[in-house]
K.L.:
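One structure coming up, written as structure tokens, with questions to follow.
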Amino acid sequence: MLDSKQLAQIDQWLATGDARRAETQIARLLRNDFPPLDRAQLLTRRAKARILLERPDEALEDLQTMRALAPELWEQPNVQELLGDAYFSRFELAPVGFAERADAVLARTIYEGIATRDPNYGNLGWVLYQWGRVLLSENNVEQAVVQFTAALVKPSSVPRLTALVYERLGFIHLTEKREAATALAFFSRAVTTYPSGDSPAWLMRLHLLRSRAYRQQNLYDDALKAAQVALATIGALEPDYRVLMTEGHLTLGEILAGIPGREHEAADHLLQFLQHSRRPQGVDVTWSRIHETLGNLWFRLKHYEQAIVAYQTALSFNPYHPLEIQLQYQIARCYYRLRGYEKTIAAIEQLLKLAAAEQQSITDYSVFGVLANAHFALEQYPEAVIAFRQAIELAPPDAENLEQFKTYLKAAEEMTRQH
């Protein structure tokens, strides 16, 4: 017979997240010739361990084996809860483009069934929380909020459930409702209710969400502090230390990029993100955005050659960049500052071709101002005359360099007549 103390020890490990130790102990016990019911109890716990270890397919295999050994346990709410968790975990962990929506639908059906059949189930709060997460994955935001709110007042054996619910409610207010202040209130509750000694990885991501909410309110100092707290939360012994650190560096880099005078720090954090992340094989919007930000930082620091490389890399990671014309203009400005006037002209001509292909009008007078100045520097005076006239025509009456354009236009016209 299986010793109840052994089960209690396994349950303790699972409750504290030590799933590997629990799985190892279960594997040892399964070598014994226990009765079917005892083996079923062990398989149920191993299924839970494997869900925690992000191996839902193996968890589902254990549950099916358990069903064959002890079919009378199958309809118990704790077993059905594990079944729902396994299906939803498989949906969430599937690679992008390969997720099976049927897994999420099946999980939702299971959670709904538990709530209907067993309204007094001791872990109903967790079931409703998971049900809400499935609904959120289906963009059913309002119904997700209903389930999350209900989860707060239902019993649960998961100590951090309250914090998890507050985090999801804050996330919804931040991303779906654009109510950053309300989101911050929920995030604060999540911080205060999260059990001490629990996974710092989750707490770090919560602080990153707080930072994002502050940024939406243009409270950059508070956003920076929250991101710094996030980075300090994680320890080097965490299993996902490298991934978490890259997330922290990205957030800090993007915040600092918006603060004048912090360009070097911002670039350092973004470069650390790139250094410790796996380079994408194809199109990647995030990497494109990071290189675009680096380009802007290098430009502000007058490191124009590095800025050109960054802008070009941004376009290579996102060939359909919605701001491609603007990035081409930034490349042209960099060449102009480097006195590479021929490359300046080539970049602006590429920009004008892109605009014509997309049936867009270039209304920024400064584009033609840079083009005119580059032609003038190369003593291409007829081309300079055309570009200066376009710049003057588009410039507002109070444009800073309007008078300069007019002066250079007269000079270019005079040089054209002389030649």
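FYI, side chains are in, hydrogens and waters are out, and symmetry mates aren't considered; it's all heavy atoms of this structure.
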K.L.:
Salt bridge check: are Arg46 and Glu23 linked by an N-O gap of less than 4.0 Å?
P.N.:
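No, Arg46 and Glu23 are not salt-bridged.
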K.L.:
Pairs in or reaching into residues 340-374: which pass ring-ring contact (aromatic ring centres under 6.0 Å, His included), with residues at least two apart or in two chains?
P.N.:
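Qualifying pairs, neighbours excluded: Tyr336-Tyr341.
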K.L.:
Nearest 0.5 Å, please: how far is CG in Leu294 from CZ in Arg289?
P.N.:
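The CZ atom of Arg289 sits 11.5 Å away from the CG atom of Leu294.
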K.L.:
To the nearest 0.5 angstrom, please state how far the CG atom of Leu315 sits from the CD1 atom of Ile331.
P.N.:
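Answer for the CG-CD1 pair, Leu315 versus Ile331, is 5.5 Å.
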K.L.:
Measuring from Leu250:CG to Met245:CE, what's the distance to the nearest 0.5 Å?
P.N.:
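Those atoms lie 13.0 Å apart.
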K.L.:
Any side-chain to backbone donor/acceptor pair from Tyr121 onto Ala115? Under 3.5 Å, distance only.
P.N.:
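No, the answer is negative, given that no donor and acceptor are paired below the 3.5 Å cut-off.
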K.L.:
Under 3.5 Å, side-chain donor or acceptor atoms of residues 323-330 against the rest of the protein: list the pairs with distances, not counting sequence neighbours.
P.N.:
from	atom 1	to	atom 2	distance (Å)
Tyr329	OH	Ser366	OG	3.0
Gln330	OE1	Arg333	NH1	2.9
Gln330	NE2	Tyr311	OH	3.0

K.L.:
Does His249 have any ring-ring contact (aromatic ring centres under 6.0 Å, His included) partners at least two apart in sequence or in another chain, and if so, which?
P.N.:
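Counting only residues at least two positions away or on another chain, His249 forms a ring-ring contact (aromatic ring centres under 6.0 Å, His included) with His269.
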K.L.:
Only counting residues at least two apart or in another chain, list the ones meeting side chain to side chain donor-acceptor pair (under 3.5 Å) with Glu138.
P.N.:
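Only Arg108 meet the side chain to side chain donor-acceptor pair (under 3.5 Å) criterion with Glu138.
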K.L.:
Report the C-alpha distance between Glu58 and Arg90 in whole Å, list the side-chain angles of each, state the deciding distance to 0.1 Å, and finish with yes or no for salt bridge (charged side-chain N to carboxylate O under 4.0 Å, His left out).
P.N.:
CA-CA 10 Å; Glu58 295 177 38; Arg90 186 164 72 176; over 6 Å; no
K.L.:
Measuring only between side-chain heavy atoms, which start at C-beta, is Thr344 closer than 4.5 Å to Leu338?
P.N.:
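No, their side chains stay 4.5 Å or more apart.
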K.L.:
Got Arg67 and Leu63 here, is their nearest side-chain heavy-atom distance under 4.5 Å?
P.N.:
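No, side chains not in contact.
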K.L.:
Looking at every non-hydrogen atom in both residues, tell me the closest pair between Ala307 and Gly295 and how far apart they are.
P.N.:
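So the minimum-distance heavy-atom pair works out to CB-O, 3.5 Å.
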K.L.:
Can you tell if the side chain of Ile386 reaches within under 4.5 Å of the side chain of Arg389, non-hydrogen atoms only?
P.N.:
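They are not in contact (no side-chain heavy atoms under 4.5 Å apart), so the answer is no.
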K.L.:
Ignoring hydrogens and geometry, is there a side-chain-to-backbone donor-acceptor pair from Arg39 to Leu30 under 3.5 Å?
P.N.:
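It does hold such a pair.
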K.L.:
Run the numbers on Leu42 and Met66 for side chain to side chain contact (heavy atoms under 4.5 Å, CB included), then give the verdict.
P.N.:
CA-CA 9 Å; Leu42 289 171; Met66 181 278 296; over 6 Å; no
K.L.:
For the residue pair Phe299 and Tyr304, is the inter-centroid distance of their aromatic rings smaller than 6.0 Å?
P.N.:
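So the answer is yes for these two rings.
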K.L.:
If the condition is ring-ring contact (aromatic ring centres under 6.0 Å, His included), which residues does Trp13 pass it with, not counting sequence neighbours?
P.N.:
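For Trp13 there are no ring-ring contact (aromatic ring centres under 6.0 Å, His included) partners, ignoring immediate neighbours.
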K.L.:
Identify the heavy atoms of Arg210 and Leu184 that sit nearest to each other, and give their distance.
P.N.:
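Nearest pair, atom of Arg210 first, then Leu184: O-CD2, 3.8 Å.
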K.L.:
For Arg262, which residues count as a side chain to side chain donor-acceptor pair (under 3.5 Å) partner, sequence neighbours excluded?
P.N.:
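In terms of side chain to side chain donor-acceptor pair (under 3.5 Å), with neighbours along the sequence ignored, Arg262 is linked to Glu265.
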K.L.:
Taking 4.0 angstrom as the limit, do Arg133 and Glu92 come out as a salt bridge?
P.N.:
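Yes.
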K.L.:
When you measure from the side chain of Thr233 to the backbone of Val229, do you find a donor-acceptor pair of N or O atoms at a distance under 3.5 Å?
P.N.:
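Yes, because the side chain of Thr233 sits within donor-acceptor range (under 3.5 Å) of the backbone of Val229.
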K.L.:
Is a donor on one side and an acceptor on the other found under 3.5 Å between the side chain of Arg45 and the backbone of Gln41?
P.N.:
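Between the backbone of Gln41 and the side chain of Arg45 there is a qualifying donor-acceptor contact (under 3.5 Å).
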K.L.:
With a 4.5 Å cut-off on side-chain heavy atoms, are Tyr111 and Asp85 touching?
P.N.:
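The answer is yes; the side chains approach within 4.5 Å.
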K.L.:
Taking Gln404's backbone N and O only, do any of them form a donor-acceptor pair with Asn401's side chain (distance below 3.5 Å, no angle check)?
P.N.:
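Flag not set: sc Asn401 to bb Gln404 has no pair under 3.5 Å.
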K.L.:
With side chain to side chain contact (heavy atoms under 4.5 Å, CB included) as the test, would you mind laying out the steps for Arg205 and Glu247 before giving the verdict?
P.N.:
CA-CA 8 Å; Arg205 292 193 169 102; Glu247 290 181 23; 3.0 Å; yes
K.L.:
Is the shortest heavy-atom distance from the side chain of Leu29 to the side chain of Ile10 under 4.5 Å?
P.N.:
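Result yes, sub-4.5 Å side-chain heavy-atom pair found.
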K.L.:
Considering residues, nucleotides and ligands other than Arg20, do more than 12 of their heavy atoms fall under 6.0 Å from its CZ?
P.N.:
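Not buried by this count: 12 neighbours or fewer within 6.0 Å.
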K.L.:
Quick one: list whatever passes side-chain contact (heavy atoms from CB on, under 4.5 Å) with Ser156, sequence neighbours left out.
P.N.:
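Expected list: Asn123, Trp126, Val158, Leu161.
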K.L.:
What distance separates Leu252 CG from Ser211 OG, expressed to the nearest 0.5 Å?
P.N.:
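OG of Ser211 is found 7.0 Å from CG of Leu252.
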K.L.:
Give the table of side-chain donor-acceptor pairs shorter than 3.5 Å for residues 140-151, with sequence neighbours excluded, one pair per line with atom names and distance.
P.N.:
from	atom 1	to	atom 2	distance (Å)
Thr149	OG1	Val145	O	2.7

K.L.:
Does Ser316 use its side chain to pair, donor to acceptor, with the backbone of Thr313 at less than 3.5 Å?
P.N.:
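Looks like yes, one N/O pair under 3.5 Å.
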K.L.:
Are any of the side-chain heavy atoms of Gln216 and Arg178 separated by less than 4.5 Å?
P.N.:
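The answer is yes; the side chains approach within 4.5 Å.
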K.L.:
Could you walk me through whether Lys410 and Phe388 satisfy the side chain to side chain contact (heavy atoms under 4.5 Å, CB included) test, starting with their C-alpha distance in whole Å, then the side-chain angles of each, then the deciding distance to 0.1 Å, before giving a yes or no?
P.N.:
CA-CA 10 Å; Lys410 289 180 181 179; Phe388 276 129; over 6 Å; no
K.L.:
When rounded to the nearest 0.5 angstrom, what distance separates CD in Gln25 from CD in Gln9?
P.N.:
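Rounded to the nearest 0.5 Å, the CD-CD separation comes out at 8.0 Å.
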K.L.:
Going by the rule side-chain contact (heavy atoms from CB on, under 4.5 Å), which residues pair with Thr16 if we only count those two or more places apart in sequence or in a different chain?
P.N.:
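With neighbours one apart ignored, the set is Gln12, Asp18.
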K.L.:
With sequence neighbours left out, which residue pairs that include part of residues 348-359 fulfil the side chain to side chain donor-acceptor pair (under 3.5 Å) condition?
P.N.:
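Passing the test, one end in residues 348-359: Glu358-Gln360.
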K.L.:
Arg189 and Leu169: side chain to side chain contact (heavy atoms under 4.5 Å, CB included), yes or no, with the steps?
P.N.:
CA-CA 11 Å; Arg189 294 179 191 176; Leu169 289 171; over 6 Å; no
K.L.:
Only pairs under 3.5 Å count here: list side-chain donor-acceptor contacts from residues 369-383, not counting sequence neighbours, and write none if there are none.
P.N.:
from	atom 1	to	atom 2	distance (Å)
Asn373	ND2	Gly369	O	3.2
His375	ND1	Gln380	OE1	2.6

K.L.:
What I'd like to find out is whether the side chain of Asp118 reaches to under 4.5 Å of the side chain of Leu124, using heavy atoms alone.
P.N.:
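A side-chain contact is absent here, since even the closest heavy-atom pair is not under 4.5 Å.
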K.L.:
Any side-chain to backbone donor/acceptor pair from Glu100 onto Phe91? Under 3.5 Å, distance only.
P.N.:
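Not a single qualifying donor-acceptor pair exists.
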K.L.:
Could you work out, with ring-ring contact (aromatic ring centres under 6.0 Å, His included) as the rule, every residue matching Trp202, not counting sequence neighbours?
P.N.:
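Result, ring-ring contact (aromatic ring centres under 6.0 Å, His included) vs Trp202: Tyr194.
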K.L.:
Should Glu81 and Lys48 count as an ion pair when the cut-off is N to O under 4.0 Å?
P.N.:
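Salt bridge between Glu81 and Lys48, a charged N being under 4.0 Å from a carboxylate O: no.
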K.L.:
Looking only at heavy atoms, which two atoms of Arg215 and Ala223 are closest? And how far apart?
P.N.:
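Smallest interatomic distance, heavy atoms only, reads CG-CB, 3.5 Å.
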K.L.:
Answer yes if the side chains of Gln272 and Asp268 hold a donor-acceptor pair under 3.5 Å, and no otherwise.
P.N.:
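Yes, a side-chain donor-acceptor pair sits under 3.5 Å.
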K.L.:
Evaluate the side-chain proximity of Thr182 to Lys177: yes if any heavy-atom separation is below 4.5 Å, no if none is.
P.N.:
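The answer is no, as the side chains (C-beta and beyond) never meet within the 4.5 Å cut-off.
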K.L.:
What closest approach, in Å, do Asp62 and Leu43 show between heavy atoms, and which atom pair accounts for it?
P.N.:
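Smallest heavy-atom distance, with atoms named: OD1-CD2, 3.6 Å.
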K.L.:
Search all heavy atoms of Leu53 against all heavy atoms of Ala19 and return the closest pair with its distance.
P.N.:
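What the structure gives for the nearest pair is CG-CB, 3.8 Å.
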K.L.:
I need the Asn318 CG to His291 NE2 distance, nearest 0.5 Å.
P.N.:
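With rounding to 0.5 Å, CG (Asn318) is 12.0 Å from NE2 (His291).
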K.L.:
Just wondering, are more than 12 heavy atoms of other shown residues or ligands nearer than 6.0 Å to CD in Glu342?
P.N.:
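Not buried by this count: 12 neighbours or fewer within 6.0 Å.
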